[in-house]
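Numbers here are sequence positions counted from 1. In listed order, ligands and their atoms are each counted from 1. All values below were derived from every heavy atom in this structure, side-chain atoms included, with hydrogens, water molecules and symmetry-related copies excluded.
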Amino acid sequence: MATPAVLRADDLWAGYPGASVLRGVTLEVRGGDAPVGVVGPSGAGKTTLVRALQGRLRPSRGSVTFDGRPVHRLPRRENKAFKAAVRFTSQDSLTVTDPRLTVARSLGVALGEARKAGRSHGTSMNDLLETVGLAPHFAARRLVTLSGGEKQRVALASAIATRPEILVLDEPLTAVDPQARADLARRLATVLGELGTAVVLVSHDLELVERTCPQVHVLAEGTFVATGRLGELLTAAEQHPTVRELAQAAPLAVQRFR
Ligand SMILES: Nc1ncnc2c1ncn2[C@@H]1O[C@H](COP(=O)(O)OP(=O)(O)OP(=O)(O)O)[C@@H](O)[C@H]1O
């Protein structure tokens, strides 16, 4: 069996001119791992972490590496391998593709990419739509005509189609209504687990993260302040102030964890 891909942030410090955001984040994920969550309040640095994992930010200290090489300066061949192995899906992933494409065409491109990379997995277009809770007739719709929640579902279907080794999801279901969200998250976790795709789920949504990820990191002011099962962190006697704030902001979730 091929060695699994490894994406690793090691004592990562990164930010923007005049704004240092991430302060010593260490995170490792390899193909086949169980899903891991990153939760944190607004401004904690979640999106900055995703940007750094993508290689779009140069660390001021520490590193982000893919199979041991710094992601912000991968040579062309390694960059191709990185893009095939690690996929990033954000709130607006589909805006980079042609909005006039139909859902079928868009998913067809993703399935074609998987074929080319030798990662076909026999999932049909209808299976993909069903996994993300869309009826088959959505295949004929143009991306431009979809609602925000429907677009997010198609972006996820597209990510599943390419079957990456590692999938980084940045607030993937913000536009999906809360009732459908938990159900969708469970289905996604199952399918991605079956495909052997390791997931890093970055979100402020505690319910979503708890239902999808056995292990969670709590990010506060650019650093991981707690790690473990979210239910246990939220109900623990001793809590970091940010964990306490998260717990106070989600009383229903805490009740369920007790
Ligand atoms: N381009 C930028 N230049 C300067 N500062 C920035 C830039 N982008 C983000 N920041 C700052 O970095 C900090 C972390 O932002 P980031 O977007 O990573 O947080 P977040 O956890 O994703 O927040 P949210 O949940 O609100 O999206 C914030 O204080 C933000 O104002």
Side-chain angles (χ1 to χ4, degrees), residues 7-29 35-64 70-73 86-96 148-149 151-152 155-156 159 166-178 181-182 184-185 199-213 215-228 230 233-234 239-254:
L7 180 64
R8 181 175 165 81
D10 193 17
D11 186 26
L12 169 66
W13 293 66
Y16 310 95
S20 156
V21 179
L22 299 176
R23 300 177 297 121
V25 170
T26 294
L27 173 73
E28 182 179 286
V29 55
V36 62
V38 175
V39 286
S42 182
K46 300 184 295 295
T47 300
T48 306
L49 175 59
V50 172
R51 283 195 191 126
L53 291 175
Q54 262 176 309
R56 288 166 59 202
L57 280 181
R58 191 196 175 97
S60 55
R61 215 170 99 188
S63 61
V64 176
V71 291
H72 69 278
R73 50 182 166 89
V86 188
R87 194 160 164 129
F88 293 82
T89 300
S90 68
Q91 292 179 48
D92 46 19
S93 297
L94 282 179
T95 54
V96 293
K151 274 192 195 139
Q152 288 187 333
L156 286 168
I166 298 168
L167 176 60
V168 181
L169 299 173
D170 183 11
E171 301 285 11
L173 299 175
T174 43
V176 173
D177 62 86
R181 205 181 293 161
L184 184 50
V199 173
V200 181
L201 173 58
V202 181
S203 178
H204 71 286
D205 183 342
L206 300 185
E207 286 275 342
L208 176 63
V209 174
E210 148 71 16
R211 286 175 191 276
T212 327
C213 305
Q215 188 81 357
V216 168
H217 298 286
V218 179
L219 185 69
E221 294 176 12
T223 193
F224 287 159
V225 295
T227 293
L230 185 60
L233 297 178
L234 291 180
Q239 286 176 327
H240 182 278
T242 297
V243 179
R244 198 157 50 235
E245 277 160 31
L246 288 175
Q248 279 163 358
L252 289 179
V254 175

### Query
Less than 4.5 Å apart, any side-chain heavy atom of Val64 and any of Pro70?
no
### Query
Taking the side chain as C-beta and beyond, is there a heavy-atom pair between Ser203 and Leu208 under 4.5 Å?
yes
Starting from [atom], locate the nearest protein heavy atom and write down its residue, its atom name and how far away it is, to 0.1 Å.
atom                    : result
atom 25 (O) of ligand 1 : Lys46 NZ, 2.8 Å
atom 1 (N) of ligand 1  : Tyr16 CD2, 3.6 Å
atom 12 (O) of ligand 1 : Val21 CG2, 3.3 Å
atom 14 (C) of ligand 1 : Gly43 O, 3.5 Å

### Task
Could you go through the side chain to side chain contact (heavy atoms under 4.5 Å, CB included) check for Leu53 and Val71 one step at a time?
CA-CA 7 Å; Leu53 291 175; Val71 291; over 6 Å; no
#### Entry: Close N or O approach (Ser42, ligand 1; < 3.5 Å)
yes
### Message
Does any N or O of ligand 1 fall below 3.5 Å from an N or O anywhere on Gly45, backbone included?
### Response
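Indeed, backbone or side chain, Gly45 has an N or O that close.
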#### Entry: Thr47 and ligand 1 - part of the residue with a heavy-atom distance under 4.0 Å
both
### Query
Out of Val21, Leu12, Thr48, which residue meets the side chain to side chain contact (heavy atoms under 4.5 Å, CB included) rule with Leu57?
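That would be Thr48.
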### Query
Counting only heavy atoms on the protein side, is anything nearer than 4.0 Å to atom 18 (O) of ligand 1?
yes
### Message
If we count only non-hydrogen protein atoms and require a distance under 4.0 Å, does atom 4 (C) of ligand 1 qualify as touching the protein?
### Response
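Under 4.0 Å from atom 4 (C) of ligand 1, at least one protein heavy atom found.
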### Message
Can you tell me how far apart OG1 (Thr242) and CD (Glu221) are? Round to the nearest 0.5 Å.
### Response
6.5 Å
#### Entry: Gln239 CD to Glu245 CD distance, which is reported to the nearest 0.5 Å
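So the gap between those two atoms works out to 10.5 Å.
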### Message
With heavy-atom distances below 4.0 Å as the criterion, list the atoms of ligand 1 near Thr48.
### Response
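Those qualifying, in numeric order: 14 (C), 15 (O), 16 (P), 18 (O).
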### Residue Pro41 vicinity, atoms of ligand 1 by number, heavy atom under 4.0 Å
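Here the atoms of ligand 1 in question are 21 (O).
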### Message
Looking at Asp11 and Arg61, is any side-chain nitrogen of the basic one under 4.0 Å from a carboxylate oxygen of the acidic one?
### Response
yes
### Message
Any heavy atom of Ala44 closer to ligand 1 than 4.0 angstrom?
### Response
yes
### Query
Do you see a donor-acceptor pair shorter than 3.5 Å between the side chains of Thr174 and Gln152?
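Per modelled atom types, Thr174 and Gln152 side chains form a pair under 3.5 Å.
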